[in-house]
Amino acid sequence: MFRIAVRASSALNNAARQCLKEQSKVVTAVRYSHGKQETDEEFDTRYLNYLNRPDLDGWMLRKAMNDLTGEDLVPEPKIIIAALKACRRLNDYSLAVRYLESIQWKCGNYKKKIWPWILQEIKPTLTELGILTPEEMGYDKPELALKSVFDM
Amino acid sequence: MSNHLLRAGLRATILPHRSISLSAVCTKNVVLEQKLKDEIHPKIGNREIVGFGLNGLATYVDRCEFPCPAIRFKEDTPEVLKLREKEKGDWKNLTLEEKKALYRASFCQTFSEINAPTGEWKMFLSVILLSLAATGWIMLFVKKFVYPPPPKNLTREWQEKMLQKMLDEEQGRIMGISSKWDYEKLEWKK
């Protein structure tokens, strides 16, 4: 048992000595090479480029929407506009409304502050494409009740 | 129920690898192999597979975190297909009813329906209050019929007599109880 303890402590000692040694430049370069922080602009451009691809299909568009919903942010209006235009190109009206709902959900407790501004920014696109907001669709309040699966 | 869910999970089928691949676009639509088709389509009927969804399974689920499920909610009935044709034109020509029909063909619940209050809290509250009430009744019953009467030295008279005796005997003259009693004025020291 003691032998194990001694071995472990010597290993620790070695490791500590390794860490304390002055690191060569190569090592530092490797240490920090796992990517840099993406700025907000880069993030926006990345998604804009993605959504503006001419060969974007419904599968990719849905992936982008799901991913954007997973991010800790409310997308910029330009991203939303790009997504709505992608919906138009793919002829999927329901997806556009669904995504607007998702945006509203992402606003969370600040919906009263954020959503009017977003709406003001995307309003021209909505009018141009003929997309109704969830409120205009009557989806801001529950429309249909769903029977519980346990009662079926 | 968990058993049932587990079985359902095992039965659900995994979509092709495309879904998790990070490489660039497929230039053509995803075409399922015949084997996979035979496996998936009896379960989802004629519903179109449209995306990766929540976890790559060809299942429909309404979740706010994943607004776009993997398959459409409704099968491609002739009416829906007709609407889809009309959807290819200008969306301004669609009436509100048609737009709603299109939405419901793709999705089951709107976000406000997903997040609608279920009223379940009333049941929980009632159960909590009922159990508290039951506890009270049980306590009353037990006190009345089960426990023996409390020992006599818990009564007020007994304790007053006890105190008088302690003062008479001058217990704790230096630091204790009697040091706080003024024997001249016959009252507690201030």
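Numbers restart at 1 for each chain; the letters A, B, ... are given by sequence-line order, proteins then strands.
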- request: May I have the step-by-step check of side-chain contact (heavy atoms from CB on, under 4.5 Å) for B:Val50 and A:Arg62, ending in yes or no?
  value: CA-CA 8 Å; B:Val50 285; A:Arg62 282 173 175 82; 3.3 Å; yes
- prompt: Should A:Tyr50 and B:Phe66 be regarded as members of a common hydrophobic cluster, given that ILVMFWY residues are connected when their side-chain heavy atoms come within less than 4.5 Å of each other, either directly or indirectly?
  reply: no
Flag if over 12 foreign heavy atoms under 6.0 Å of CE, B:Met123: yes
Interatomic distance, A:Glu101 atom CD to B:Ser112 atom OG [nearest 0.5 angstrom]: 6.5 Å
- request: Side-chain contact test, heavy atoms from C-beta onward, threshold under 4.5 Å: evaluate it for A:Leu144 versus B:Arg104 and give yes or no.
  value: yes
message: Quick check: closest heavy atoms across A:Glu143 and B:Glu113, and the distance to 0.1 Å?
response: N-OE2, 2.9 Å
field: B:Glu33, CD atom: more than 12 neighbouring heavy atoms under 6.0 Å
entry: no
- request: Would you kindly confirm whether B:Trp137 and B:Val146 end up in one hydrophobic cluster when ILVMFWY residues are joined by side chain heavy atoms under 4.5 Å apart?
  value: no
message: Are more than 12 heavy atoms, taken from residues, nucleotides or ligands other than A:Asp151, located less than 6.0 Å from that residue's CG atom?
response: yes
- request: For residues A:Leu132 and B:Trp91, determine if any side-chain heavy atom of one lies less than 4.5 Å from a side-chain heavy atom of the other.
  value: no
field: Region of B:Arg84 in contact with chain A, defined by heavy-atom distances below 4.5 Å
entry: neither
query: Under 6.0 Å from the CH2 atom of B:Trp158, do we count more than 12 heavy atoms belonging to anything else shown?
result: no
- request: For the residue pair A:Trp105 and B:Glu65, establish whether any side-chain heavy-atom pair is separated by less than 4.5 Å.
  value: yes
query: Of the backbone (N, CA, C, O) and the side chain (C-beta and beyond), which part of B:Asn115 lies under 4.5 Å from a heavy atom of chain A, both, or neither?
result: side chain
task: Would you confirm whether A:Lys63, through its side chain, and B:Gly51, through its main-chain N or O, come within 3.5 Å as a donor-acceptor pair?
output: no
message: Within the supplied structure, the quantity of interest is the number of heavy atoms (other residues, nucleotides, ligands) at a distance under 6.0 Å from A:Tyr110 OH; does it exceed 12?
response: no
task: Could you tell me which portion of A:Glu71 (side chain, backbone, both or neither) has an atom closer than 4.5 angstrom to a non-hydrogen atom of chain B?
output: neither
message: Take a 6.0 Å sphere around CG of A:Asn109 and say whether it holds more than 12 heavy atoms from other residues, nucleotides or ligands.
response: no
query: So do the side chains of B:Cys108 and A:Leu146 get within less than 4.5 Å of each other, counting heavy atoms only?
result: yes
message: Determine whether a donor-acceptor pair (N or O, by modelled atom type, separation under 3.5 Å) exists between the side chain of A:Arg98 and the backbone of B:Pro67.
response: yes
task: Would you please classify the geometry between the B:Tyr103 ring and the A:Tyr139 ring as parallel, tilted or perpendicular, with 30° and 60° separating the classes?
output: tilted
message: Would you compute the distance between atom CG of B:Leu54 and atom CG of A:Asn66 and round it to the nearest 0.5 angstrom?
response: 8.0 Å
- request: For chain B, find which of A:Glu136, A:Glu128, A:Lys106 contributes the most heavy-atom pairs closer than 4.5 angstrom.
  value: A:Glu128
- prompt: What option among B:Gln109, B:Lys99, B:Lys92 has the most heavy-atom pairs under 4.5 Å with chain A?
  reply: B:Lys99
- request: Under 4.5 Å heavy-atom distance to chain B, tell me which part of A:Gln104 shows up: side chain, backbone, both or neither.
  value: neither
query: Heavy-atom distance under 4.5 Å to chain B: side chain of A:Leu90, backbone, both or neither?
result: neither
field: Cluster link A:Trp59 to B:Ile44, ILVMFWY, side chain under 4.5 Å
entry: yes
message: For the CG atom of B:Leu102 and the CG atom of A:Leu95, what is their distance to the nearest 0.5 Å?
response: 11.5 Å
query: Linking I/L/V/M/F/W/Y whenever their side-chain heavy atoms sit closer than 4.5 Å, directly or via other members, would A:Leu126 and B:Leu94 fall into one cluster?
result: yes
- request: Measure the OH-OG distance between A:Tyr93 and B:Ser106 for me, rounded to the nearest 0.5 Å.
  value: 12.0 Å
- prompt: Counting only heavy atoms not in B:Lys161, do more than 12 sit closer than 6.0 Å to its NZ atom?
  reply: no
- prompt: How many angstroms lie between atom CD of B:Glu87 and atom CG of A:Asp92, to the nearest 0.5 angstrom?
  reply: 5.5 Å
message: Please determine whether the number of non-hydrogen atoms from other residues, nucleotides or ligands lying under 6.0 Å from atom NZ of B:Lys189 exceeds 12.
response: yes
message: Same cluster or not: B:Phe73 versus B:Val61, using hydrophobic residues (I, L, V, M, F, W, Y) connected whenever any side-chain heavy atoms lie under 4.5 Å apart?
response: no
